[in-house]
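Values below: all heavy atoms of this structure, side chains included; hydrogens, waters and symmetry mates excluded.
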2 protein chains.
Amino acid sequence: MVCSDVTLDDLVDFHAGIDDFDYSHGATLFGMGAPTEAVYCIRGGAVKMVRFDAAGGERIVRVLKVGDVAGFESAFADNYEHAAIAVGEVRACRIPIVYFRRFVAEHAGLQARLLEKSQAALREAESWLTELVGGTTPARTRVARLLLRLRVGSGDRIHRFSVDDMAAIIGSTPETVSRAVSEFVRQGLLVKGGSGAAKRHFRGDIAALEKVSQDG
Amino acid sequence: MVCSDVTLDDLVDFHAGIDDFDYSHGATLFGMGAPTEAVYCIRGGAVKMVRFDAAGGERIVRVLKVGDVAGFESAFADNYEHAAIAVGEVRACRIPIVYFRRFVAEHAGLQARLLEKSQAALREAESWLTELVGGTTPARTRVARLLLRLRVGSGDRIHRFSVDDMAAIIGSTPETVSRAVSEFVRQGLLVKGGSGAAKRHFRGDIAALEKVSQDG
DNA sequence: CGTGTACTTGAGTGGGCTCAAGCAGGGTGG
DNA sequence: CCACCCTGCTTGAGCCCACTCAAGTACACG
């Protein structure tokens with residue numbers, strides 16, 4: 001993880017302006033097209049990376065979880081390519097772009113690490129292309145696959161996105177997602193979290209979901 | 001373009017084993033899961049990057065054209081993540097992986113260039129996610145968008161992929177693609193190339209296709 | 001307790017998938 | 001040179017999933 005890298009920890013030690021921030025549900029870390037002024041290390045929660053098409057419809061192209069770095073794709077461009085929006089409570093550390101660029105320029109090891117990050121993101125995007133979106137795969141299967149990808153760590157807790165968000169990921173409609181999720185809940189594959197912070201999570205029967213995710 | 005970089009041209013000059021090769025339609029540059037042993041700079045034609053899902057069905061996640069580098073995503077892994085398959089006649093130069101890795105290690109500038117390449121590929125993949133695949137967008141619109149992305153340079157020539165390939169890109173079926181393409185041909189938006197090498201190309205009415213690609 | 005937001009559920013329709021013929025074109029062998 | 005086949009494209013008919021439109025419901029928040 002870039003943030004825990006020694007050289008970047010040095011950055012935190014020696015410069016002011018880098019601190020952890022909290023973002024509440026729906027808060028915007030940065031907007032699509034806004035001038036690039038920082039990258040963010042996600043320390044907790046989930047962040048959706050959003051693109052808007054010509055018609056103004058939103059499409060989620062990636063989901064960031066703890067350890068991911070938001071905005072690094074645009075670190076050497078003038079403007080952000082996506083909007084980054086918090087889903088549930090999010091904690092992130094903000095690194096002003098000038099510090100970030102200086103450090104990358106000065107430390108060769110960081111470049112290799114960035115390349116890894118970029119290729120991991122590419123792998124993830126391709127994975128979405130093959131497994132999650134459209135194709136000829138039934139919607140319920142794709143919803144199951146998505147839920148498995150939204151797991152927190154390797155337990156049975158699953159980030160609970162809104163039906164609209166899930167639809168914007170798998171390329172479907174809120175109604176269709178709702179029907180699939182409701183059915184999973186009825187069948188006991190999914191349990192909605194109670195109140196408070198737990199509201200933003202499911203408990204999932206991972207084994208059963210994996211069964212559904214294999215199409216048939 | 002990585003291949004035209006001075007340092008990589010030096011590589012070509014000083015080492016044997018690097019030459020241009022020709023591949024005919026359907027030829028495999030490398031297979032998915034095969035041991036990584038080279039990267040390829042595309043000098044002409046088009047190459048499809050393919051992933052196979054559990055059911056054995058193929059899905060095309062990216063298309064490489066002149067100037068792109070095939071296999072660099074796997075340059076630091078043991079095995080290729082995709083298969084790379086020629087569409088029509090392809091000319092490419094083959095760089096053995098040991099040379100490639102040595103050069104990247106020795107020349108810091110190349111790392112930055114690789115990072116750019118990786119991020120460009122990421123952008124492209126996200127672009128496919130938002131514009132090309134599934135969603136709620138009608139198939140004819142998506143076919144039009146795909147055709148525009150398959151343009152050779154900035155003229156009216158378009159790489160002519162098989163209906164199966166196009167279906168594997170937009171996440172549809174060969175029949176549906178065929179219906180859309182046939183209609184474009186009937187309407188004169190698309191002209192099939194004659195014989196010989198031209199068989200692998202369309203001539204497209206770019207302006208009209210762009211109109212169709214904007215949904216309505 | 002009212003209001004707003006998000007989700008759920010229902011009925012109806014249509015786009016595209018499926019299944020299944022028919023049809024070019026190009027390569028091969030007689 | 002032609003008949004043949006083989007591969008890839010086209011076209012048709014029927015059906016079903018999922019999108020659309022539209023209520024109705026749950027829940028949070030002021």
Please tell me whether A/Y40 and A/F30 form a close aromatic pair, meaning their ring centres lie under 6.0 Å apart. yes
Side-chain N,O (B/K199) to OP1/OP2 (C/dG25) below 4.0 Å: no
Just the rounded figure in Å: distance from C1' of D/dC19 to CD1 of A/I170.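 These atoms are roughly 13 Å apart.
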Between A/S213 and A/R142, is any side-chain donor less than 3.5 angstrom from a side-chain acceptor? no
Any ion pair linking A/R145 and A/E210 (charged N to carboxylate O, less than 4.0 Å)?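 Here A/E210 does not pair with A/R145 in a salt bridge, since their nearest N and O are not under 4.0 Å apart.
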Does B/E183 pair with B/R140 as a salt bridge, N-O distance under 4.0 Å? yes
Does the protein touch nucleotides 7-18 of chain C at the base, only the backbone, or not at all? Give it as B, S and - per nucleotide, heavy atoms under 4.0 Å. SBBBB----SSB
For A/R123, does the CZ atom have more than 12 heavy-atom neighbours from other residues, nucleotides or ligands under 6.0 Å away?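 Counting neighbours around CZ of A/R123, more than 12 heavy atoms of other residues, nucleotides or ligands fall under 6.0 Å, so yes.
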